[in-house]
Asks: 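One structure follows; several queries about it will come next.
Each chain gets a letter, A, B and so on, in the order the sequences are listed, and its residues count up from 1.
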There are 2 protein chains.
Amino acid sequence: MREKTERVIREWTDTCDAEVSIAVLGGAWKPSILKALAEHGVLRFGELGRLLDNPTARVLTRQLRELEQDGLVTRTVYQQVPPKVEYRLSELGESAGPLVEALTRWGGHYAGLQRATAAVAAPTAG
Amino acid sequence: MREKTERVIREWTDTCDAEVSIAVLGGAWKPSILKALAEHGVLRFGELGRLLDNPTARVLTRQLRELEQDGLVTRTVYQQVPPKVEYRLSELGESAGPLVEALTRWGGHYAGLQRATAAVAAPTAG
DNA sequence: CGGCATCCTCGTTGATACTG
DNA sequence: CAGTATCAACGAGGATGCCG
């Protein structure tokens with residue numbers, strides 16, 4: 001588990017467990033990564049990058065390592081040339097599936113509402 | 001709506017709506033605030049602070065303003081001395097209730113698992 | 001192919017002190 | 001009571017370049 005996740009669990013769990021979920025899922029690209037892995041089952045590093053609109057390798061690596069440390073994702077390295085690394089969801093990662101879906105649904109709902117509001121506020125922009 | 005929220009909607013909605021939810025709910029204390037308002041209905045600034053383990057006024061104000069800008073919370077000012085300000089959930093804020101509950105449940109589940117793992121890894125610590 | 005090292009920028013959190 | 005002003009610290013995200 002990441003040090004940050006551990007700290008959040010220590011400091012927030014009594015008051016609000018939701019902060020823990022956000023600490024684990026809240027990094028840039030993380031929900032996208034989890035969704036992609038849930039849909040495809042197993043993905044290589046490069047495939048993942050292409051599915052996610054090409055974040056820099058530095059950033060993608062980092063998010064994957066964090067998800068791995070937090071136990072949501074497993075990483076399999078094949079010792080060969082050229083290198084091959086596979087990522088897939090752990091059981092814990094799969095358990096987050098419904099939550100990610102809930103986040104997606106509400107986020108879509110929210111975005112739709114706000115865009116409708118913006119369209120009313122500035123109708124000549126379109 | 002906050003500029004940040006707007007940017008996230010612009011940049012992420014096609015790929016992953018979940019990022020929108022995290023942008024809106026992801027600030028420190030925000031899930032706690034929403035939960036407190038959901039339970040109590042209406043709360044004054046000071047009451048809210050006491051329920052949340054006393055964040056600094058600077059921080060609490062900021063989170064409330066952001067939630068207000070994002071349309072989840074409404075703020076009512078009573079022009080009197082001493083001042084009195086009430087916060088309550090908007091309809092949109094109430095619509096986030098089940099999501100916050102889902103975050104809380106999974107976060108609690110995760111924290112429980114990780115603590116059990118830590119206890120096994122370092123049994124002499126207790 | 002799948003990284004790591006380095007550097008930089010920005011936003012967020014928070015402490016402290018003060019105010020209408 | 002319910003804030004605001006100022007300042008400091010920190011970490012996340014990302015650009016760029018190199019490597020086995």
Side-chain angles (χ1 to χ4, degrees), chain A residues 2-8 11-12 15-16 19 22-33 36 42-70 73-88, chain B residues 2-8 11-12 15-16 19 22-33 36 42-70 73-88:
Chain A
R2 285 187 299 157
E3 195 275 331
K4 170 180 170 173
T5 308
E6 195 173 1
R7 190 174 59 243
V8 170
E11 296 175 1
W12 284 97
T15 348
C16 187
E19 304 271 359
I22 289 175
V24 175
L25 305 178
W29 307 102
K30 283 185 184 173
S32 307
I33 291 171
V42 48
L43 286 169
R44 297 179 60 173
F45 184 86
E47 294 174 320
L48 211 31
R50 263 164 269 135
L51 285 171
L52 309 190
D53 206 36
N54 295 305
T56 60
R58 164 81 166 76
V59 171
L60 181 54
T61 301
R62 180 171 213 188
Q63 306 309 319
L64 285 168
R65 288 291 192 286
E66 292 184 358
L67 288 171
E68 191 192 359
Q69 282 183 55
D70 282 341
V73 159
T74 63
R75 179 168 175 263
T76 313
V77 181
Y78 295 86
Q79 281 298 349
Q80 62 181 51
V81 179
K84 176 178 168 183
V85 179
E86 285 181 352
Y87 293 90
R88 72 196 71 202
Chain B
R2 285 185 299 156
E3 195 275 331
K4 170 179 172 175
T5 308
E6 195 172 2
R7 191 174 61 242
V8 171
E11 296 175 0
W12 284 97
T15 350
C16 188
E19 304 271 0
I22 290 174
V24 174
L25 305 177
W29 307 102
K30 283 186 186 173
S32 307
I33 292 170
V42 47
L43 287 169
R44 298 180 59 171
F45 184 86
E47 293 173 321
L48 210 32
R50 264 165 267 134
L51 285 171
L52 309 189
D53 206 35
N54 295 305
T56 60
R58 164 82 167 75
V59 172
L60 182 55
T61 300
R62 179 159 229 238
Q63 307 309 318
L64 285 168
R65 289 291 192 284
E66 292 184 357
L67 287 171
E68 190 191 0
Q69 282 183 54
D70 282 341
V73 159
T74 62
R75 180 167 173 264
T76 313
V77 181
Y78 295 85
Q79 282 298 352
Q80 61 181 52
V81 178
K84 175 178 170 183
V85 178
E86 285 180 350
Y87 294 90
R88 72 197 72 202

Asks: Using whole Å, what does the distance between atom P of nucleotide dG2(C) and atom CZ of R65(A) come to?
Replies: 12 Å
Asks: What nucleic acid atoms does Q63(A) come within less than 4.0 Å of, heavy atoms only: base, sugar-phosphate, or nothing?
Replies: sugar-phosphate
Asks: Looking across every strand, which nucleic acid part, if any, lies under 4.0 Å from Y78(B) by heavy atom: base, sugar-phosphate, or nothing?
Replies: nothing
Asks: Ignoring hydrogens and angles, are the base of dT6(C) and the side chain of R58(A) linked by a donor-acceptor pair under 3.5 Å?
Replies: yes
Asks: Atom CG of L52(A) to atom P of dG2(C): distance rounded to whole Å?
Replies: 13 Å
Asks: Could you give the CH2-to-C1' distance, from W12(A) to dT13(C), as a whole number of Å?
Replies: 10 Å
Asks: Give the ring-plane orientation class for W29(A) versus W12(B), where under 30° counts as parallel, over 60° as perpendicular and anything between as tilted.
Replies: perpendicular
Asks: Under a 3.5 Å threshold, yes or no: a donor from one side chain and an acceptor from the other, between D53(A) and T15(B)?
Replies: no
Asks: Could you go through the side-chain contact (heavy atoms from CB on, under 4.5 Å) check for T76(B) and V85(B) one step at a time?
Replies: CA-CA 6 Å; T76(B) 313; V85(B) 178; over 6 Å; no
Asks: Toward the 5' end of DNA chain C, which comes first, P83(A) or T61(A), by nearest nucleotide?
Replies: P83(A)
Asks: Rounding to a whole Å, what distance do you find between E3(B):CD and dT12(C):P?
Replies: 10 Å
Asks: Would you check if R44(A) and K84(A) make a side-chain contact, meaning some heavy-atom pair closer than 4.5 Å?
Replies: yes
Asks: Using a heavy-atom cut-off of 4.0 Å across all strands, would you classify V85(A) as base, sugar-phosphate, or nothing?
Replies: sugar-phosphate
Asks: Tell me whether the OP1 or OP2 atom of dT12(C) has a side-chain N or O from K4(B) closer than 4.0 Å.
Replies: yes
Asks: Would you say a side-chain N or O of W29(B) is under 4.0 Å from OP1 or OP2 of dT13(C)?
Replies: no
Asks: Would you compute the distance between atom CD of E11(A) and atom CD of E6(A) and round it to the nearest 0.5 angstrom?
Replies: 10.5 Å
Asks: Please report the distance, rounded to the nearest Å, between CD1 in I22(A) and P in dA12(D).
Replies: 15 Å
Asks: Answer with base, sugar-phosphate or nothing: what part of the nucleic acid does R44(B) contact at a heavy-atom distance below 4.0 Å?
Replies: sugar-phosphate
Asks: For the side chain of V59(B), counting heavy atoms from C-beta on, which of dG3(C), dT13(C), dT4(D) is nearest?
Replies: dT13(C)
Asks: Reading DNA chain D from 5' onward, which residue's closest nucleotide shows up sooner: E86(B) or G26(A)?
Replies: E86(B)
Asks: With a non-hydrogen cut-off below 4.0 angstrom, is G27(B) in contact with a base, only sugar-phosphate, or nothing?
Replies: sugar-phosphate
Asks: Going from CZ on R2(B) to CD on E68(B), what distance comes out if it is rounded to the nearest 0.5 angstrom?
Replies: 12.5 Å
Asks: Quick one: K30(B) NZ to dT12(C) C1', roughly how many Å, whole number?
Replies: 10 Å
Asks: With respect to the side chain of R62(A), which nucleotide from dG14(D), dA12(D), dG3(D) is positioned closest?
Replies: dA12(D)
Asks: Give a yes/no on whether any side-chain N or O of R75(A) is located under 4.0 angstrom from OP1 or OP2 of dG3(C).
Replies: yes
Asks: Students often get this wrong, so: under 4.0 angstrom with heavy atoms, is R7(B) touching a base, only sugar-phosphate, or nothing?
Replies: nothing
Asks: Under 4.0 Å between any heavy atoms, over every strand shown, what does A28(B) touch: base, sugar-phosphate, or nothing? Just pick one.
Replies: sugar-phosphate
Asks: Please report the distance, rounded to the nearest Å, between CZ in R2(B) and C1' in dC10(C).
Replies: 15 Å
Asks: If I take atom CG in residue N54(A) and atom P in nucleotide dT16(D), what distance separates them, rounded to the nearest angstrom?
Replies: 15 Å
